[in-house]
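Here is the structure we will look at, set down as structure tokens.
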Amino acid sequence: MHVDLDAFYAAIEQRDHPPWRGLPVVVGAAPGTRGVVATCSYEARRYGVRSAMPIAEAVRRLPPETVYLRPRMGDYAAVSRQVMAALGDISPVVEKVSIDEAFLDLSGLAGLIGPPAAIGALTKAAIRAAVGLSASVGIGPNRLIAKLASEHRKPDGLTVVHPEQVQTFLDPLPFRVLRGVGAKTSARLDGAGVKTVADVRRLPLVELRRLLGARVGAEVHLQARGIADDRVDPARERKSISKETTFPEDVADVAVLRDAVLWAAQEVGFLARQEGRAGVVVTLKIRLRPFETHTRSRTLAVPTASDGEIFRAAWSLFDVHRWAGRSVRLIGVGLSGWAGRQGSQPDLLDAAVEPTSPRSRRLDETLDAVRRRFGDGALQRGLRPRR
DNA sequence: TCTGGGGTCCTAGGACCC
DNA sequence: TCTGGGGTCCTAGGACCC
């Protein structure tokens, strides 16, 4: 089952501010700046406004009574936690995929609650009771079908697609709804005269792979037949932390860029420490005029969550020769490559001084990986890289 | 129209190792 | 003098998603 809160940010604002109900509400960048719409209410969508649309374009389309708001992420995250807690009462296996979306594994729940439609109705009622918001729910035999089912009727929808209905459900949909089919892939399929999922299904696999590449071609071929991953993993962890800013106006002053990198490094370090993570890969991202994006990354010998170390690594990646003096639109810093599985250096060292104690296979594999990467004596020496 | 910020996953070449 | 095969890591870029 896939659960998707309707116009999440805008719906929270309308819930909390009754005068805004019934009006177009846009949450995102301030009008007059270079930024985009994050979410807008259904009243605003009637004017063709969508997520990711430049705010200037939204202002052009929307009437004067429109309410423009900056996001209150802390509040939205709190509402998200309440929603996820309510979902946890429906199924023990919940995978949060974003602030306003989750997959639930319904295996074994029919006997406890009832048929899929009853589980879906109960879920919507539970969310409404917990936070006073509407959600669209889709139920299907795998993640793809559940997600497409939740998109099928919005807002406040509930769609159940049984296994034997999958192909009938899929065939008439525009191919663009398939996961991983974005602007580039769409353009190629358009060129081949493809319009619907049924059209995709009529193309031979070899042709799809020639058109889209081996990987994407194979993936689209399977999805068009309703074949997709059906696992729900509640333990998925984030793999990177990053912070970036787009300047109000392009910046060429290296001192200003350095300050921005320092700020981003501090934010990333703070979040990493808050989550108890330390990473070895530091990435500097830069976007130049006109919208030319580069990344540079560096792998450290020892995992870090230190603002200073993150900053020094990030700033050392600033390519003075290529970028100094050029107009910079955006700059940011990322941290990834967590140490081991649980990221716990003390565990590794404990294990190293007590080699005969029973250990999990997981930890053994981690230790082996550390030895392979850093050399046999690394655990004693303190993780200095091999030459 | 002129493009945010936070992410994930994939590809591909070169280094390096066995 | 010519020259392997496989595997993994590192790095940069790109497509895509919410």
Side-chain angles (χ1 to χ4, degrees), chain A residues 2 4-9 26-30 33-40 48-61 70-71 73 76-77 80 95-103 143-144 147 150-151 176-188 212-220 229 233 236-248 250 264 267-268 271 280-287 289-301 317 319 322 329-337 368-375 385-387:
Chain A
H2 181 253
D4 189 345
L5 278 290
D6 301 314
F8 189 53
Y9 303 170
V26 174
V27 182
T33 67
R34 52 184 192 189
V36 300
V37 175
T39 319
C40 61
V49 175
R50 294 285 180 272
S51 294
M53 175 181 279
I55 194 73
E57 171 71 7
V59 170
R60 231 169 281 140
R61 290 170 180 251
R70 310 304 318 285
M73 292 310 298
Y76 308 157
S80 177
E95 178 181 332
K96 178 175 179 165
V97 291
S98 75
I99 195 165
D100 65 347
E101 269 182 59
F103 285 101
R143 297 168 71 104
L144 170 71
K147 168 95 182 168
S150 77
E151 285 173 0
R176 183 68 168 77
V177 303
L178 298 178
R179 301 295 88 187
V181 175
K184 301 281 177 179
T185 304
S186 291
R188 292 177 185 180
L212 309 179
R215 168 81 205 185
V216 174
E219 180 60 27
V220 165
D229 194 355
D233 178 5
R236 266 174 71 105
E237 286 185 44
R238 74 146 109 201
K239 300 192 167 160
S240 65
I241 297 173
S242 63
K243 216 73 190 176
E244 64 189 46
T245 18
T246 294
F247 299 109
D250 294 349
E267 292 286 318
V268 167
L271 282 171
V280 288
V281 179
V282 174
T283 302
L284 179 75
K285 176 176 173 181
I286 192 163
R287 178 169 290 150
R289 191 154 70 195
F291 222 72
E292 165 194 334
T293 309
H294 298 276
T295 61
R296 290 286 181 276
S297 66
R298 154 163 300 183
T299 301
L300 307 176
L317 291 162
D319 192 332
R322 290 183 58 177
R329 180 186 178 94
L330 165 154
I331 202 158
V333 173
L335 184 68
S336 57
D368 286 342
V370 168
R371 289 199 188 91
R372 275 200 304 279
R373 193 186 304 178
F374 297 102
R386 225 196 265 261
R387 249 165 304 286

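Note: hydrogens, waters and symmetry copies are ignored here, and every other heavy atom, side chains too, is used. Chain naming here is simple, since letters A, B, ... match the order of the sequence lines and numbering starts at 1 in each.
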Can a side chain N or O of [X] be found less than 4.0 Å away from OP1 or OP2 on [N]?
X: T246(A); N: dG5(B); value: yes
X: R236(A); N: dT8(B); value: no
X: S240(A); N: dT8(B); value: yes

Whether F103(A) and H2(A) hold their rings parallel, tilted or perpendicular, with breakpoints at 30° and 60°:
tilted
Does this structure show an ion pair linking E57(A) with R50(A), if we count only N-O contacts that are shorter than 4.0 Å?
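Looking at R50(A) together with E57(A), the answer is no, because their closest N to O distance does not fall below 4.0 Å.
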Answer yes or no: is there an ion pair linking D229(A) with R179(A), defined by an N-O contact shorter than 4.0 Å?
no
Could you tell me if the side chain of V37(A) sits less than 4.5 Å from the side chain of V49(A), heavy atoms only?
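Yes, close enough: below the 4.5 Å cut-off.
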Atom [atom1] in [X], atom [atom2] in [Y]: separation rounded to 0.5 Å?
X: L317(A); Y: D319(A); atom1: CG; atom2: CG; value: 9.5 Å
X: E101(A); Y: D4(A); atom1: CD; atom2: CG; value: 4.5 Å
X: R289(A); Y: D250(A); atom1: CZ; atom2: CG; value: 4.5 Å
X: K239(A); Y: R236(A); atom1: NZ; atom2: CZ; value: 6.0 Å

Write down the distance between [atom1] ([X]) and [atom2] ([N]), rounded to a whole number of angstrom.
X: D233(A); N: dT8(B); atom1: CG; atom2: C1'; answer: 14 Å
X: E219(A); N: dC9(B); atom1: CD; atom2: P; answer: 13 Å
X: L284(A); N: dC10(C); atom1: CG; atom2: C1'; answer: 17 Å
X: I55(A); N: dG4(B); atom1: CD1; atom2: P; answer: 12 Å
X: M53(A); N: dC2(B); atom1: CE; atom2: C1'; answer: 12 Å

May I ask you to say what [X] touches in the nucleic acid, namely base, sugar-phosphate or nothing, with a heavy-atom cut-off under 4.0 Å?
X: T245(A); value: sugar-phosphate
X: R50(A); value: nothing
X: I241(A); value: sugar-phosphate

Do R287(A)'s NZ or CZ and the ring of F291(A) fall within the cation-pi criteria of under 6.0 Å and 45°?
yes
Quantified in whole Å, what is the C1' atom distance between nucleotide dC16(C) and nucleotide dT3(B)?
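16 Å, rounded to whole Å.
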Check whether the aromatic ring of F291(A) stacks on the base of dC2(B), taking stacking as ring centres less than 5.5 Å apart and planes within 30° of each other.
no
Fill in the dot-bracket string of DNA chain C, one character per base: . for unpaired, | for a pair to another strand, ( ) or [ ] for pairs within the strand, taking Watson-Crick or G-U pairs under 3.5 Å.
....||||||||||||||
Selection from dG5(B), dC2(B), dG4(B) that lies nearest to any side-chain heavy atom of P54(A)
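Minimum distance to the P54(A) side chain belongs to dC2(B).
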dG4(B), dT1(B), dG6(B): which one has an atom nearest the side-chain heavy atoms of R60(A)?
dT1(B)
In terms of side-chain heavy atoms, does S80(A) have a donor or acceptor partner in K96(A) at a distance below 3.5 Å?
yes
Map K285(A) and R215(A) onto DNA chain B by nearest heavy atom, then report which one ends up closer to the 5' terminus.
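Whichever sits nearer the 5' end wins; that is K285(A).
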Reading nucleotides 11-18 of chain C from the 5' end, what letters show protein touch, with B for base, S for backbone sugar-phosphate only, - for no heavy atom under 4.0 Å?
SSS-SSSS
